[in-house]
Amino acid sequence: MPELPEVEVVRRGLERWVSGRTVEGVDVLHPRATRRHLAGAEDFARRLEGRRIGPARRRGKYLWLPLDGAAEAVLAHLGMSGQLLVQPVGAPDEKHLRIRLRFEDGEGTELRFVDQRTFGGLSLHGAAPGAADGLPDVIAHIAPDPLDPAFDAELFHAALRRRRTTVKRALLDQSLISGVGNIYADEALWRSRLHYDRPTATLTRPRTTELLGHIRDVMNDALAAGGTSFDSLYVNVNGESGYFSRSLDAYGREDEPCRRCGAPIRRRPWMNRSSYFCPRCQRPPVIRRAAGRSAPARPAPAASGPRRSG
DNA sequence: CGTGGCCCCTGATTGC
DNA sequence: TGCAATCAGGGGCCAC
């Protein structure tokens, strides 16, 4: 379950059902699922045996489980289709079961990493020096997420102004702000009435503040609904879907009326994915030519920016 | 260096 | 039916 609210739902499930338990053994059923553990699947499995799992942590879309304190942790990323499921021991293996963690206790459940597309995985890493909560060193470059008290809005705004990129690209750049993916980027931009191709350098401080507020709001709303699920690929540790998909305003709503103005929501190919937006509420940025000696032609009507009507 | 394009995978759906 | 093309919530890597 890819984006922050879905990953947070999983984190809470791990905290409830896995933290405090001791690993008895690990089965790696697909080597690609541990490819970020450079020492290999066997090393990953052996080093987990007998370790006690601490409180579940999260930054953006990354999860980690500290082991016997905070010096080392199991890092998890769900990619596009990863699931962490707490299943009864002996339940039939899922078709795309990649890794199984068995526990020493008699609770009768095990932790399973199931991942159809194998973009996700588990790995073992030391903590970054000086970082809080045993943050694994390999994700030290990931920015705090907007629900983290450590998130620095001033720093974020300064980075946006410095960048020569567009606002949606920036939202998906996990080194600037983490946890935002394609769904919540489109939702926050819709709420902010911002077009995805708006250059970040044009954002004023109030606009950045408003955008951040909408990101936090939509993520908290989604969290309260158990996350966004379009199908059974996106579930919590007990296999249950969230129901925020019914509350989406832009994502996946092509040709449906904008809930604000009634114009049909549009879908545009964008970075090998899609961007959903309201063509009336979210006007494309005006393309400005560099100042030259010849007067620039008037922009074509189709490419014109927002107009003030009065 | 920052930026943008390509690639990694499997499966569901759509169109010919 | 079969087959190809397209699309899907992720990020790493590598040219420019």
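Note that the structure is predicted; figures quoted are calculated from it, not measured.
In this structure, A:Glu3 atom CD and C:dG9 atom C1' are separated by 5 Å, rounded to whole Å. We find that CE of A:Met271 is positioned 16 Å from C1' of C:dC7, with the value rounded to whole Å. In this structure, CG of A:Asp145 is placed 15 Å from P of C:dG10, rounded to the nearest angstrom. One atom, CE of A:Met80, and another, P of C:dG12, lie 14 Å apart when rounded to the nearest Å. Atom pair A:Ile183:CD1 and C:dA8:C1' shows a separation of 10 Å (rounding to whole Å applied). If you measure from atom CZ of A:Arg273 to atom C1' of C:dG9, you get 8 Å, rounded to the nearest angstrom. Here C:dA8 presents its C1' atom at 14 Å from CD of A:Glu6, a figure rounded to the nearest Å. Note: CH2 (A:Trp270) to P (C:dC7) measures 15 Å, nearest angstrom.
Looking at A:Glu72, its side chain never comes within 3.5 Å of a backbone N or O of A:His125 through a donor-acceptor pair. Looking at A:Asp137, its side chain never comes within 3.5 Å of a backbone N or O of A:Ala128 through a donor-acceptor pair. In this structure, the side chain of A:Arg35 engages the main chain of A:Arg32 through a donor-acceptor pair within 3.5 Å. Counting only distance, with no hydrogens or angles, the side chain of A:Ser245 and the backbone of A:Phe230 share no donor-acceptor pair below 3.5 Å. Side-chain atoms of A:Gln174 do not come within 3.5 Å of backbone N or O of A:Gly60 as any donor-acceptor pair.
The line from CG of A:Asn182 to CE of A:Met80 is 8.5 Å long, rounded to the nearest 0.5 Å.
Contact between the side-chain N/O atoms of A:Lys61 and the OP1/OP2 oxygens of C:dG11 is found at a separation under 4.0 Å. Between C:dG9 and A:Tyr251, a contact under 4.0 Å exists linking OP1 or OP2 to a side-chain N or O.
For CD of A:Glu49, the number of neighbouring non-hydrogen atoms (other residues, nucleotides, ligands) closer than 6.0 Å is greater than 12.
The P atoms of C:dG9 and B:dT3 are separated by 23 Å, rounded to the nearest whole Å. A gap of 15 Å separates the P atoms of C:dA5 and B:dC7, to the nearest Å. Spacing between B:dG11 and C:dG11 at atom P, rounded to whole Å, works out to 22 Å.
At a non-hydrogen distance threshold of 4.0 Å, A:Gln174, A:Gly181, A:Asn182 from residues 158-182 of chain A come into contact with DNA chain C. Less than 4.0 Å separates DNA chain C from at least one heavy atom of each of the following residues of residues 112-122 of chain A: A:Arg117, A:Phe119.
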**Q.** Secondary structure string for DNA chain C (Watson-Crick or G-U under 3.5 angstrom, | for other-strand pairs)
**A.** .|||||||.|||||||

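The two atoms that bring A:Pro55 and A:Ser19 nearest to each other are CA-OG, 3.6 Å, heavy atoms only. A:Thr200 and A:Leu160 make their closest contact through OG1-O, 2.8 Å (heavy atoms, listed as atom of the first residue, atom of the second, distance).
A salt bridge does not link A:Glu254 to A:Arg266: none of the charged nitrogens lies less than 4.0 Å from a carboxylate oxygen. Under the 4.0 Å criterion applied to side-chain N and carboxylate O atoms, A:Lys168 and A:Asp186 are assigned as salt-bridge partners.
Judged by the 6.0 Å distance and 45° axis criteria, A:Arg98 is not positioned over the aromatic ring of A:Phe113.
Each salt bridge (Lys or Arg N to Asp or Glu O under 4.0 Å) pair with one or both residues in residues 193-208 of chain A, not counting sequence neighbours, appears once here: A:Glu154-A:Arg205, A:Arg207-A:Glu210.
Here chain A contacts DNA chain B (any atom closer than 4.0 Å to a heavy atom, that is under 4.0 Å), and the contacts span B:dT3 to B:dG11 from 5' to 3'.
Taking a 4.5 Å side-chain heavy-atom cut-off between Ile, Leu, Val, Met, Phe, Trp and Tyr, the cluster of A:Trp64 extends to A:Tyr62, A:Leu75, A:Leu135, A:Val138, A:Ile139, A:Ile142.
When heavy atoms are screened at a 4.0 angstrom cut-off, A:Arg35 is found touching no nucleic acid atom at all. Nucleic acid contact for A:Phe244: none, since no nucleic acid atom lies under 4.0 Å from a heavy atom of the residue.
The 5' end of DNA chain C is approached more closely, in terms of each residue's nearest nucleotide, by A:Asn272 than by the other of A:Ile142 and A:Asn272.
Checking A:Phe277, A:Tyr251, A:Trp190 one by one against A:Tyr196, the ring-ring contact (aromatic ring centres under 6.0 Å, His included) holds for a single residue, A:Phe277.
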